[in-house]
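Okay, so here's the structure we're looking at.
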There are 2 protein chains.
Amino acid sequence: MVDEGVARDPWSGPPAVAPAVSGPDDARLDAAPAETPRPAIDIRAILFTVADGALLVALGRRDVGWGLPRGDPSPLDTLDASARRIVREGTGLQEQYLEQLYTLSVRETPDWTIIVGYMALVCSGAAPPPPQAGTWHDVTTLPPLSHADQMVIDYALVRLRAKLGYTNVAFHLLPQTFTLSELQGAYETILSRRLDKRNFRRRVIASGILSPTSEKRRDGSHRPAVLYRFRANEDHETHLTPPWAEGT
Amino acid sequence: MVDEGVARDPWSGPPAVAPAVSGPDDARLDAAPAETPRPAIDIRAILFTVADGALLVALGRRDVGWGLPRGDPSPLDTLDASARRIVREGTGLQEQYLEQLYTLSVRETPDWTIIVGYMALVCSGAAPPPPQAGTWHDVTTLPPLSHADQMVIDYALVRLRAKLGYTNVAFHLLPQTFTLSELQGAYETILSRRLDKRNFRRRVIASGILSPTSEKRRDGSHRPAVLYRFRANEDHETHLTPPWAEGT
DNA sequence: GCAAAAGTGTTGTGTATACACCCATGG
DNA sequence: CCATGGGTGTATACACAACACTTTTGC
C-alpha cells in the first residue's frame, strides 16, 4: 500500500486544493512532501443501440485503434450534463437514456486519470446514421481496446443485462412506437437468448407500461402488428440511480 | 447548458491534459479560450454500523458542523484502496465491506470538486469504540450537513436497503458469530420495519450462507440461541459491483 | 392456398406471505 | 412457576416457465 504522506486529515474542512490552483490560505499542506498533482478527469461514454439482431457499441478512431467517446467534464455542469454533451458531440446522437456506471483511477497514459464511466442508450430508429467520425461495432466482435475502455464496456453489459430484469430500460432502445415483437427482439438481442413469446407479452402487458396505439405496422405478407407506445409516466428506473437529481 | 468552448473532441486520442501539467505536444487546445482547470477530487465515505436497534453513521467535526470522512485519492492506488485508507485513517476502524456509490461534480466551496462517494459497513462488534475524532450518529437524527454529504447519505441508504433484498451485505454489519435474532434485528433496523420470524429464518437458512456453530449464546432468562457463522465462500455481491477488480 | 409473423390460455411448479404455539432457561 | 426470547410448520396466493394452435395478411 502506498505511503500516506499525501493524505489529508479525513475529518478536516473543505478539501485541500492542489498546488496548481490552490490559494495561499492553504496552510495544512505546506510541508507535504512532493505534493500530489491533481489527476485528469475523463468522462467515457458507452453508447448502445440495437439493429437487426445485434447489440452495437459506438467506437471512434483513435491515435491508435479504436476507443469510446470521451471528454472533459465542464465545471459548470453536473457530470450527467457533461456526459450528455460528450455523447452529443461525439456522435451527433441524442441519447434517450444516460446512466453513470463507475469511476476508476487509471494510469494508462503517463498521466494519472480518473475515469467516470457512463452508459447511454439510443433508439434503433436513430441509429442507422452512424455517429460522425465513429462507427457502430457489434459488441460480440469488438476491436482491441484500451484496458479502461474494455472495463467500462464489460461493466456496462453486466448492468444493462441486469437492468432488463427489473426496469424498463429496453424501451429507450426503441423508437417512439414499436411492435411487441420488436421489443422482444431487443430483449433477446441484449440477453442473447430466446424468450417465450406468450410469457413475454403477458408480462409486459401486465406491467402496464405500454399503451397500444390505433396504428398497425404492415411490413410483409403476414398479419399486421399493433404498434405500442411507452407510457412515459413514471419511468421506474429508480433502483440504482440516485433518487436525487445530481446538482450543486 | 454551458457553452462548449472548453470541450475537447470526444473521439480524440489520450485525454487532453490541463495546462498546469500538460506537455507541449498538446496542440489541439492552444486556441481554447480560458482553459478549464482541473477539479479537486474528493473521496467521501459513509460508514454504517448497527447498534441496539439503530443504524449509525460516522460523522466527524468539521470547521463548521459535521461531515463525512473524506480525503484525496492516491495516484498509485485504486479508488477503492484510497477509500479504504480514508476510512481507516478517519475512524481507526477496519471496514468489512466497501462499495463505490456515485460520483458527482459540485461547487460547494469556491473550488470545483468531483466527489466520489463510498459506502462502508463495519460490524457492530467493532463499533462501540466510536471513531477517533468522530462520533456515531443515528441516521434518523443527523445534524445539518452539506448538500453533498446529505446526497451521499441519502443514496447510500437507498442502496443499502435495496441490497438487503438480493445480497448478503447485512452480514458485514455483524460480528463473526451471531444469532438469527441478531441478524433479523439488523435487517429490521435498516429497513425500519418488522419481519416475520419464521419466514426470515426459513429464507436465510435455505439460502445456505449460514453454518451453525456448536456454541450457543445464553444471555438472559430464556432459551439460549444457536450461534451462526457466515460462510465466507462466495459472497454473491456480484450484482451491482463491477465483475472486474478495479486496477490500472 | 401458402408462407410468415401476429396473436392468444392453461397448467404445473416453485416462491413468498400470513399466522400461533411449544421450548429452554434464569431468576 | 413465570417471564423471556428461541425455535418450529402449514395453508394460501402469486409469479414464472413450459407448451401449440388459430388469425390475418401479401403474394
Listed by chain and number, what are the side-chain contact (heavy atoms from CB on, under 4.5 Å) partners of [X], not counting sequence neighbours?
{"X": "B:T177", "value": "B:T213, B:L227, B:R229"}
{"X": "A:R194", "value": "A:E188"}
{"X": "B:P144", "value": "none"}
{"X": "A:A83", "value": "A:I43, A:L98, A:Y118"}

5' to 3' contact window, DNA chain D with chain B (heavy-atom distance under 4.0 Å):
D:dA3 to D:dT10
Terminal helix-axis angle for the helix from C:dG1-D:dC27 to C:dG27-D:dC1, with five pairs defining each axis and rounding to 10 degrees
10°
Taking only residues two or more places apart in sequence or in another chain, which ones pass side chain to side chain donor-acceptor pair (under 3.5 Å) with A:S211?
none
Output all residues satisfying side chain to side chain donor-acceptor pair (under 3.5 Å) with A:T140, sequence neighbours left out; order by chain, then residue number.
A:D138
Within residues 207-229 of chain A or reaching into it, pairs that qualify as ring-ring contact (aromatic ring centres under 6.0 Å, His included) - sequence neighbours excluded:
none
Once ring-ring contact (aromatic ring centres under 6.0 Å, His included) is applied, what residue pairs with a partner in residues 197-220 of chain A remain, sequence neighbours excluded?
A:Y187-A:F200
Judged by each residue's nearest nucleotide on DNA chain D, which is more toward the 5′ side, A:N199 or A:R218?
A:N199
Closest to the 5' end of DNA chain D, once A:P224 and B:L180 are matched to their nearest nucleotides, is B:L180
Value in whole Å for how far the P atom of C:dG7 lies from CZ of A:F200:
13 Å
Could you give the CD1-to-C1' distance, from A:I205 to C:dA6, as a whole number of Å?
13 Å
Residue pairs passing the salt bridge (Lys or Arg N to Asp or Glu O under 4.0 Å) test where at least one lies in residues 197-222 of chain A, sequence neighbours excluded:
A:E182-A:R217
Measure from the side-chain N and O atoms of A:T49 to the backbone N and O of A:V122, and report whether any donor-acceptor pair falls under 3.5 Å.
yes
For B:F171, does its backbone N or O pair with a side-chain atom of B:N168 as donor and acceptor, under 3.5 Å?
no
Base, sugar-phosphate alone, or nothing: which one does A:D219 contact when heavy atoms must sit under 4.0 Å apart?
nothing
Just checking B:R203: base, sugar-phosphate only, or nothing, at a heavy-atom cut-off of under 4.0 Å?
sugar-phosphate
Using OP1 and OP2 only, check whether a side-chain N or O of A:R198 sits under 4.0 Å from C:dG9.
no
Between protein and nucleic acid, restricted to nucleotides 2-5 of chain C and to nitrogen or oxygen atoms under 3.5 Å apart, what atom pairs and distances do you find?
residue: C:dA4; atom: N3; partner: A:S221; partner atom: O; Å: 3.3

